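Report on the structure given below.
Remember, predicted model here, so these are calculated numbers, not experimental data. Start at 1 with the first residue, then count along the sequence. Side chains included, hydrogens not; waters and symmetry mates left out as well; all remaining heavy atoms used.
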Amino acid sequence: MYLQCMNGVRVVTSTTKIDEAGLARLVDAFYARVRADAELGPIFNDAIDDWPHHLEKLTAFWSSVMLTSGRYKGQPVPAHMKHRSRITPELFDRWLGLWKQATDEQMEPVAALALQEKAARIAESLKLAMFFRLDRRPDAGDSRKVA
């Protein structure tokens, strides 16, 4: 169930049934898929030395995002920027596809949709942080500028 806010943002209500235990199961199942994926697996497996610790951190992240628990204390953008040479914008779509599969299987439909929508916004934010660059700013001597 969603409540429609005035600004058009949907807010998850308490009937969504997202809890810590469900998030932990989801994160474990999802990252098992990621680790086995032909394109994402090598990137993640090279980047992560301690999977149990990382899964705990990711569960804390989703707990903070979905339950506003405040458990996550990391910085996602710098963590992803360290691997920018291996990440492409298209890989975010692959990640989101696996996320959709896992959330559809692990969660109730309304909870799955809420998690998918949140993940899509996070992915878009990360892509902008990692790949968006203004082409160039006009020179002071650019004759096309309007006085």
Would you call Arg71 and Glu20 a side-chain contact if the rule is heavy atoms closer than 4.5 Å? yes
Thinking salt bridges, do Lys127 and Glu124 make one under a 4.0 Å N-O criterion? yes
d(His54 NE2, Thr59 OG1) to nearest 0.5 Å is 10.0 Å
If you compare all heavy atoms of Met107 against all heavy atoms of Gly22, which two are closest, and at what distance to 0.1 Å? SD-O, 4.1 Å
At what distance, to the nearest 0.5 angstrom, does CG of Leu23 lie from CE of Met66? 7.5 Å
In Å, rounded to the nearest 0.5 Å, how long is the span from CH2 of Trp51 to CG of Asn45? 6.0 Å
Centres of the Tyr31 and Trp99 rings: under 6.0 Å? no
Can you measure from CG (Leu40) to CZ (Arg86) and round to the nearest 0.5 angstrom? 10.5 Å
With side chains defined as the heavy atoms from C-beta onward, is the minimum distance between Ile87 and Phe92 less than 4.5 Å? yes
Kindly indicate, with the supporting measurements, whether the criterion side-chain contact (heavy atoms from CB on, under 4.5 Å) is fulfilled by Leu115 and Trp62. CA-CA 9 Å; Leu115 286 154; Trp62 284 104; 3.9 Å; yes
With no hydrogens and no angle check, is any side-chain donor or acceptor of Arg84 less than 3.5 Å from a backbone partner on Met130? yes
Whether His80 side chain and Pro76 backbone form a donor-acceptor pair below 3.5 Å: yes
Less than 4.5 Å apart, any side-chain heavy atom of Leu58 and any of Tyr72? no
Rounded to the nearest 0.5 angstrom, the CD1-OG distance for Ile43 and Ser85 is 9.0 Å
Is any side-chain heavy atom of Ile122 closer than 4.5 Å to a side-chain heavy atom of Phe61? yes
Considering all heavy atoms of both residues, which atom of Ala129 and which atom of Val77 are nearest to each other, and what is their separation? CB-CG1, 3.9 Å
Between Lys100 and Asp104, does any NZ, NE, NH1 or NH2 come within less than 4.0 Å of an OD or OE carboxylate oxygen? yes
Smallest heavy-atom separation, Ile18 atom then Ala111 atom, equals CG1-CB, 3.6 Å
To the nearest 0.5 Å, atom CD of Glu39 lies from atom CG of Leu98 at 10.0 Å
Counting only N and O atoms by type, is there a donor-acceptor contact under 3.5 Å from the side chain of Ser64 to the main-chain atoms of Ala60? yes
Are Gln101 and Phe30 side-chain neighbours, meaning at least one heavy-atom pair lies under 4.5 Å? no
